[in-house]
Amino acid sequence: MKKWTELVPGAVVLEAGSSAKFKTGSWRTFRPEWLQENCIQCLMCWLYCPDMAVKVADGKMTGFDYDYCKGCGVCAKECPGKQGKKAIIMKPEGK
Amino acid sequence: METRELLKWSAQVKLREKSKQEGRLEHGHRMCAGCGAPTVVKMVLMATEYPVVLSNATGCLEVSTCIQEFTAWKTPWIHTAFENAAATLAGVETMYRALLKKGKMPENVKFIAFGGDGGTYDIGLQSLSGAMERGHDMLYVCYDNGAYMNTGIQRSSATPLGADTTTSPAGSANPAGKLQQRKDLTRIMADHGIYAAQASPSHWLDLMNKVKKAHSIKGAKFLNIIAPCNRGWRTATDNSIELSRLAVETCYWPLYEIEDGKLKVTVTPEEKKPVDLFFKPQGRFKHLYSPENEGVLEKIQAQIDKTWERLLKESEGPC
Amino acid sequence: MGKVVAVTGNEAVANALRQADPDVCSLYPITPQTDIVQRFSSFVANGVVQTELLNAESEHSAMSAAIGASAAGGRVVTATSSQGLALMWEMLHIASGMNLPIVMPLVNRALSAPLNIHGDHSDGMGARDTGWVQLWSESAQEAYDNTIMAFRVAEHADIRLPVMVCMDGFIVSHSIARMEYLGDEEVKNFIGPYQTVNPLLDMEHPKSFGPLILTDLYHEYKRLQHEIMGRVKNVVLQVSDEFEKLSGRKYGLFESYRLDDADIALVILNSAAGTSKDVVDELRDKGIKAGLLKPRLFRPFPYEEIGKALKHLKAVCVMDRADSFGGYGPMFMEISSAMYQADGNGKRPKLINKIYGLGGRDYMPSDARQVLLELNEIAGGAPVTAVKEYIGVRE
Ligand code: SF4
Ligand code: SF4
């Protein structure tokens with residue numbers, strides 16, 4: 001922890017996006033798993049995820065960022081999947 | 001939601017292109033798992049294709065996104081107190097105009113304030129009204145989860161009739177929970193003569209279009225966005241988008257906009273669903289299904305029907 | 001160059017604000033301050049200043065907007081009185097906690113209830129713990145000078161703190177007095193251009209203002225605030241020195257009047273000090289060694305310096321134009337603290353406290369005379385019958 005002499009007057013936070021240093025993945029009790037074969041790349045998971053924990057590269061979903069995913073299950077619930085088959089399923093953490 | 005429809009929306013907002021851009025809300029924030037608010041914020045910012053300065057009322061969003069040396073914001077952001085996100089941002093925007101005049105700032109910087117319903121409908125209403133009346137070039141976004149969630153689910157004037165909160169609990173002397181209707185804030189804001197609209201994260205094309213339209217208008221704008229809170233609504237963590245969708249489909253949360261005093265319903269559900277479908281998955285309405293509360297749900301349904309009919313009528317223009 | 005005029009305190013202060021050329025002025029009317037923001041509004045309307053006006057819908061919002069504007073990165077002013085300051089209370093702490101150099105004239109007025117629009121110091125004294133620097137002024141001239149110096153103090157790189165400039169409602173704000181303006185260019189050069197520190201509107205380097213700070217850091221932030229407040233005294237002295245070179249008018253942390261060889265003295269703020277000085281002279285003519293100390297910088301309070309200035313006296317009366325109900329008057333508490341710490345070789349003056357002039361009640365030379373004569377008796381060995389007492393009150 002910082003000493004008072006090391007603080008920025010006015011408590012201004014100078015480093016934008018520094019929350020990335022705070023990993024929220026440990027909050028998870030369920031983890032989303034991606035079944036690529038059912039994925040239609042609609043990006044709904046990416047759009048709805050409250051935690052910016054769906055990884056995309058070049059406009060495509062590539063998996064989850066488990067450092068931040070809190071395991072809420074919104075992505076799995078909203079995933080349309082292919083012909084009724086979900087591309088995301090939730091599994092209990094640690095199994 | 002039909003997949004085909006989703007893909008159509010996605011093409012319209014160029015979602016794939018947007019996914020390649022850097023977001024302005026970073027992970028590592030501490031909102032509860034499955035909270036609706038960060039998704040709302042993300043969508044609003046995604047639709048904001050300008051440099052943007054934000055202000056935030058005290059509340060869940062504020063305490064969870066900027067704590068100690070950790071900030072989730074990647075664009076200028078200021079929080080001062082609870083009731084004054086609008087006044088604070090009005091000050092920032094005024095300084096921007098002063099500096100712009102002196103050539104010290106670039107053109108086209110946008111200003112957005114975020115507040116929860118407590119900070120907007122209740123304690124912040126005066127500050128909001130003042131800022132809107134003065135016509136600051138800013139967009140105020142209320143993320144409405146229908147109670148003071150940050151302090152532990154106390155009723156606000158946005159809490160729906162019948163909801164059980166920690167300060168409007170359903171008990172043996174009053175089995176019904178909250179006894180009053182919600183304040184119709186969107187209409188109140190529209191009566192400031194500004195662009196005012198309601199949106200839902202489930203209907204994100206509509207939401208993003210409204211944000212875009214708001215930014216295209218010079219002056220004050222107000223957007224009221226439903227943001228389910230799974231703790232306060234007592235529902236599963238994966239339910240936020242589904243519930244916001246049901247809120248729209250039951251016409252509990254009608255999607256409309258008011259521009260130049262003219263109201264337009266922007267989304268008409270294909271089939272208007274009974275409010276029961278929206279209430280049933282939420283623990284805060286559980287008591288309404290017990291015998292002491294016979295007739296309450298019907299009363300709520302009747303109210304929703306009446307409001308929806310009125311909206312449709314107004315939307316067609318005066319007869 | 002300087003120009004001698006006959007103006008009210010409000011007009012003088014409005015002109016100081018004009019000469020400081022702020023970027024933003026957020027305002028809300030309240031008697032007796034209204035006149036300042038009215039005058040400033042007409043400066044804006046007539047293109048005399050380039051300032052952007054923000055007509056807030058309350059003082060709470062006026063201060064909130066001032067904070068937003070100041071954090072954004074520019075010079076910001078507002079002004080208030082009484083209830084307005086009370087409504088701002090929450091935001092006053094936030095302005096100082098965020099280290100924002102806002103300058104705010106405070107035209108002192110009584111607090112309700114009962115409602116009263118006239119001058120006393122209840123408003124400013126109530127704000128003493130808000131982390132603002134407070135400069136108090138006896139006259140239109142002092143209010144004007146203090147306002148100009150306030151910008152230099154507030155914006156000084158070592159501190160960056162909001163400054164409140166206090167003057168008495170009606171007695172100074174609405175009375176026409178002779179005073180001297182500095183030239184616009186002189187003031188402009190004296191204050192200098194606004195220097196930003198971590199401006200919110202730096203779009204290239206996004207910053208977050210107003211984080212939640214938990215138990216493991218809050219205490220450290222307050223320690224830092226304490227440290228910064230501790231630097232104010234030197235800055236005020238340095239700025240006052242420079243101001244003397246410009247104007248010929250000398251200011252310190254407080255004013256001593258015939259104090260060096262005095263046996264008894266009054267400690268009294270603002271306009272009532274003027275009346276009291278006349279009575280001090282009168283008693284001196286009668287061979288009574290009276291003196292006076294008029295504080296100027298009330299926050300931070302210069303305990304050591306004031307302790308030194310008063311420790312040789314036999315008896316001192318601290319005059320308070322505000323009451324801390326259930327306690328002594330607020331100024332008395334400060335002076336008592338100063339005297340307790342002052343090294344007087346085991347000796348310190350007897351202290352008494354008089355509450356005077358609340359809600360604009362006139363303070364007459366007879367009041368000063370009565371108090372000084374009582375002090376003279378105490379100095380001569382008479383016992384102190386009451387430490388705190390109201391004067392000028394119908395019994
Ligand atoms: S489970 Fe929740 S937090 Fe995790 S990726 Fe899915 S939506 Fe995001
Ligand atoms: S929501 Fe489902 S189908 Fe769409 S991109 Fe994500 S995983 Fe693929």
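Numbered from 1 within each chain, the chains take letters A, B, ... in sequence-line order.
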The interface call for B/Leu99 against chain C, heavy-atom contacts under 4.5 Å, is side chain

Name the option with the most non-hydrogen atom pairs under 4.5 Å to chain C; the candidates are [options].
options: B/Lys101, B/Glu133, B/Lys104; answer: B/Lys101
options: B/Glu69, B/Glu93, B/His79, B/Arg24; answer: B/His79
options: B/Ala90, B/Ala72, B/Pro76, B/Gly130; answer: B/Pro76
options: B/Thr94, B/Thr71, B/Val63; answer: B/Thr94
options: B/Lys74, B/Arg97, B/Gln126, B/Lys102; answer: B/Gln126
options: B/Ser64, B/Ala81, B/Ser129; answer: B/Ala81

From the list B/Val53, B/Val52, B/Ile112, B/Leu54, side chain to side chain contact (heavy atoms under 4.5 Å, CB included) partner of B/Trp77 resolves to B/Leu54

For chain B, which of [options] has the most heavy-atom pairs under 4.5 Å?
options: C/Ala95, C/Ser26, C/Gly73; answer: C/Gly73
options: C/Asp216, C/Leu214, C/Val76; answer: C/Leu214
options: C/Ile94, C/Leu200, C/Leu217, C/Asn55; answer: C/Leu200

Can you say whether [X] sits under 4.5 Å from chain B via the side chain, the backbone, both, or neither, judging by heavy atoms?
X: C/Ser58; value: both
X: C/Ala71; value: side chain
X: C/Met98; value: side chain
X: C/His60; value: side chain

### Query
Do the rings of B/Phe82 and B/Tyr148 sit parallel, tilted or perpendicular, given the 30° and 60° boundaries?
perpendicular

Check your understanding: Is a salt bridge present between C/Arg39 and C/Glu11, judged by a nitrogen-to-oxygen distance below 4.0 Å?
Key -> yes

Is the shortest distance from a Lys or Arg side-chain nitrogen in C/Arg75 or C/Asp23 to a carboxylate oxygen in the other one below 4.0 Å? no

- Answer with yes or no whether the side chains of B/Tyr121 and B/Asp184 bring together a donor and an acceptor at under 3.5 Å. no

ask   = Is it the case that C/Ser61 and C/Tyr28 place a side-chain donor and acceptor less than 3.5 Å from each other?
value = no

Are any side-chain N or O atoms of B/Asn56 and backbone N or O atoms of B/Phe114, one a donor and one an acceptor, separated by less than 3.5 Å?
yes

So the side chain to side chain donor-acceptor pair (under 3.5 Å) pairs with at least one residue in residues 35-54 of chain B (sequence neighbours excluded) are B/Lys18-B/Glu49, B/Thr48-B/His215

Those residues at least two apart in sequence (or on a different chain) that pass side chain to side chain donor-acceptor pair (under 3.5 Å) with C/Gln19 are C/Tyr144, C/Asp184

